[in-house]
4 protein chains.
Amino acid sequence: MEIVKTVEEETIINMDDNVSDKEKKILIAAIRIMSEKGFRASRTSEIAKEAGVSEGTLFRYYPKKKDLLLALLPPLILSFFQPIITEMFSKSNAPKSSTLKYELKHFFSTRLSLLDDNKGLLKIIILESIYYPELQKSIQKLMTETVFPSLEQMIMEQIEKKHIKKMSVTTVSRILMSQLLGYFILSSYFPDQYPRDDDKEINEMVDIILNGIKR
Amino acid sequence: MEIVKTVEEETIINMDDNVSDKEKKILIAAIRIMSEKGFRASRTSEIAKEAGVSEGTLFRYYPKKKDLLLALLPPLILSFFQPIITEMFSKSNAPKSSTLKYELKHFFSTRLSLLDDNKGLLKIIILESIYYPELQKSIQKLMTETVFPSLEQMIMEQIEKKHIKKMSVTTVSRILMSQLLGYFILSSYFPDQYPRDDDKEINEMVDIILNGIKR
Amino acid sequence: MEIVKTVEEETIINMDDNVSDKEKKILIAAIRIMSEKGFRASRTSEIAKEAGVSEGTLFRYYPKKKDLLLALLPPLILSFFQPIITEMFSKSNAPKSSTLKYELKHFFSTRLSLLDDNKGLLKIIILESIYYPELQKSIQKLMTETVFPSLEQMIMEQIEKKHIKKMSVTTVSRILMSQLLGYFILSSYFPDQYPRDDDKEINEMVDIILNGIKR
Amino acid sequence: MEIVKTVEEETIINMDDNVSDKEKKILIAAIRIMSEKGFRASRTSEIAKEAGVSEGTLFRYYPKKKDLLLALLPPLILSFFQPIITEMFSKSNAPKSSTLKYELKHFFSTRLSLLDDNKGLLKIIILESIYYPELQKSIQKLMTETVFPSLEQMIMEQIEKKHIKKMSVTTVSRILMSQLLGYFILSSYFPDQYPRDDDKEINEMVDIILNGIKR
DNA sequence: AATGAATGAGTCTTCATTCAT
DNA sequence: CATGAATGAAGACTCATTCAT
């Protein structure tokens, strides 16, 4: 299990090259403020100050506050979804001998890293998408094009290899996604009840998914 | 598996008796508007209109807009958390012969019903709790006092009965909670990818949790 | 010098007989609240509560908040101005031998008593009259009909008796009124700088008015 | 006795240099509206309009309406209290031969000018200070540090010079302050009864204070 | 291009006043 | 007559957005 980058800025710096320095600063500030307070509670004035630019400049780049929210989508794609796509293709040249257990652990740990790296960004986009249908559609589209296929491909391969019982791919996909989501959300929201301990918990999670809890 | 009531109003009507009719109307309107638009985007004027009262009346009952949000907690407790407590106690007189499979299916279906019944209420409270620490603490406290103990008790009993492998209660609890949450959230957010079909999916979910996916 | 009544309520109880008990309670409450907070900052709800009646009842007696202010004028007349008129007439049967010094001391002490007794009432009416021309005219009329004549009559008598130099009655009137007002206001507003000690200060005041400060 | 400037704006223009033009306009408007209607009855919208700025701009400079009231204190200090301090020091090099009569006339006429010049400003601040303890304390402090010492110094010097009888400085101070206040207030409130005629009245006032009214 | 002062539409909130009970 | 819940007009204040410099 690899060490997780915790400096979000590094991630976002990987933004498209046609994004000016000032724009980057603004977006980083936006993520920081908005993920802390939520979109509506974030003040353009505060974001501008945090970014070290004037409010006028902020509105030069993003004429509407909402644009600032939508502008976070490309960085999210770049830093969250792109790696998944990349992996989908790179995986094909990966050792075929990888066991199911290894595959699952790899899946959880890499996805968890991505979630951690993009915590703030994801928080805003996902929470706001609940009220912005356009944003929600974008997320749905992205997931449908990246995460789900990558996941289903893995499952299908494992079914083909007869490592997994013959069962609905969707069901397995749902089980895995639920565990990933659940682990991430529950340990964030109820850290006392569900403390986070990735190595240990991923191991147990995978074990149960593979063998069940029944004695 | 029983049919789920979808009329949220019916649920909320079960509120404490010392809540006047007008107050109920206001709370129902608040839930409707706020769960659709979020707390900050909801206008007190719109809530008042939806409730069929003047804005003055609204502020007579809830002097601050925020009070309207906090006022939703008691109804949530009454209609979401109370049933869980009730069940915790009634369960003791339940047939001891209930199998593990039945227990799990019962757990998922009853909790799912509660989630469905309190969709709007839960949506506002949980989403807003992300930015209101006081609200978040309330939710944490409630879960710690109701849902978690109920769940852990069931798991411990099953471990004692040797139906479940000897393993961490927390881990099993997390697995079950993740599946419940995951099923609910994923089918809400990605209905195309993960269509909802409670009977069938709960069955498969329980089967996998019991026996794993490994062939 | 007599002891000053400090219980304002007693004074107001002397209101016209065609004023019902409830009305009295309301007026007393109005004086208390308004003299503490000022007219605009006083809430009809608070006055009603203080009076022990419902807001509906308050508005039955005084349909507009402003009516409550204007309703304070009759009590003020009764308890502040009436005594002055009464004295004007009763004085005629007073001992003719009264010295100038005694007259002045009597003037200051009786007027001061009246000011003290009607502190709250006067405070509201005078302060509000500054912004309500109609109220101001009432006060001007009342002073012109009671206080000023009473004062000028005394001065003229003393001039006739050749106890006072031949000088403008208005000027002497102004001097005396200024001293009365000044003593009252300054010791209220700057109690540290000008502590109140009626017997001593009235004595010195009268002495200076009579003989001047020049050595 | 010099002619009094009646254009309040000129006075206020003397404000601190770090007060922008727009701020000055707002303060002047605030004085005009508030001294006419009182603090609570003044509408921020009206003040903004009178100042020729938007309401947003008004709140940019003074985030709370109350700040607008408190902001009037510095100008008051500058234009009312500062001159008194200045005079206190400049006076020491004044001709020692100045007679008591001249001193008193000078005192009344200069103080009266200051009162006239700052009529509006003083009216608001003093009337509002009656209900705002913090404001009242400011005024008390200012008076204690400027007006009272200046006055008492003069009195003590005159006592030392044996121009004034040996008597309590406070008493004389009170007499003079009362006359000043009384003259100002009475001729404002009862212009018919006490018409204003500064030269003549100051002369008579001083004469009586010096020699008394006794024949 | 960048700034930040200025704007004003839009919100929450208050409170005198009304009115059904 | 009394009550107090209900009203809604009006006011303080916020903040995204504009624009002169």
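Just so it is clear, the structure is predicted and the values come from calculations on it, not from any experiment. As a basis for the values below, the full set of heavy atoms in this structure was taken, side chains included, without hydrogen atoms, waters or symmetry mates.
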> Does any N or O in the side chain of D/Q140 come within less than 3.5 Å of the main-chain N or O of C/Y189, such that one atom is a donor and the other an acceptor?
Replying inline: yes

Pairs under 3.5 angstrom, nitrogen or oxygen only, protein versus nucleotides 13-15 of chain E, please.
unit_1	atom_1	unit_2	atom_2	d
E/dT13	OP2	B/K65	N	2.8
E/dC15	OP1	C/R43	NE	2.7
E/dC15	OP1	C/R43	NH2	2.8

> What is the distance from CZ of A/F39 to C1' of F/dC15, rounded to the nearest Å?
Replying inline: 13 Å

> Tell me: CD of C/E46 to P of E/dA16, nearest whole Å?
Replying inline: 10 Å

> With a cut-off of under 6.0 Å to the ring centre and 45° to the axis, is D/K66 in cation-pi contact with D/F39?
Replying inline: no

> Under 4.0 Å between a side-chain N/O of D/S54 and OP1 or OP2 of E/dT7, yes or no?
Replying inline: yes

>> Counting only Watson-Crick pairs (N1-N3 plus N6-O4 or O6-N4) and G-U wobbles (N1-O2, O6-N3), all under 3.5 Å, who is the partner of E/dT21?
In response: F/dA2

>> What is the separation between atom CG on C/L58 and atom C1' on E/dC19, rounded to the nearest whole Å?
In response: 16 Å

> Which nucleotide, in any strand shown, forms a Watson-Crick or G-U wobble pair with E/dA1, with both distances under 3.5 Å?
Replying inline: none

> Does NZ in A/K123 sit with more than 12 non-hydrogen atoms of other residues, nucleotides or ligands closer than 6.0 Å?
Replying inline: yes

> C/K49 NZ to F/dA2 C1': how many Å, rounded?
Replying inline: 18 Å

> So does B/T57 get a side-chain nitrogen or oxygen closer than 4.0 Å to the phosphate oxygens (OP1/OP2) of F/dA5?
Replying inline: no

> Which whole-number value in Å describes the distance from C/Y61 OH to E/dT18 P?
Replying inline: 18 Å

> Rounding to a whole Å, what distance do you find between C/I33:CD1 and E/dA16:P?
Replying inline: 12 Å

> Are any side-chain N or O atoms of A/K119 and backbone N or O atoms of A/S35, one a donor and one an acceptor, separated by less than 3.5 Å?
Replying inline: no

> So how far is it from D/I47 CD1 to D/M34 CE, rounded to the nearest 0.5 Å?
Replying inline: 4.0 Å

>> Regarding B/Y62 and B/T44, do their side chains bring together a donor and an acceptor under 3.5 Å, going by distance alone?
In response: no

> Once you round it to whole Å, what is the distance between C1' of E/dT3 and CD1 of A/I47?
Replying inline: 18 Å

> What residue among C/R32, C/K25, C/K37 forms salt bridge (Lys or Arg N to Asp or Glu O under 4.0 Å) with C/E50?
Replying inline: C/R32

> What is the distance from NZ of D/K22 to C1' of F/dT21, rounded to the nearest Å?
Replying inline: 13 Å

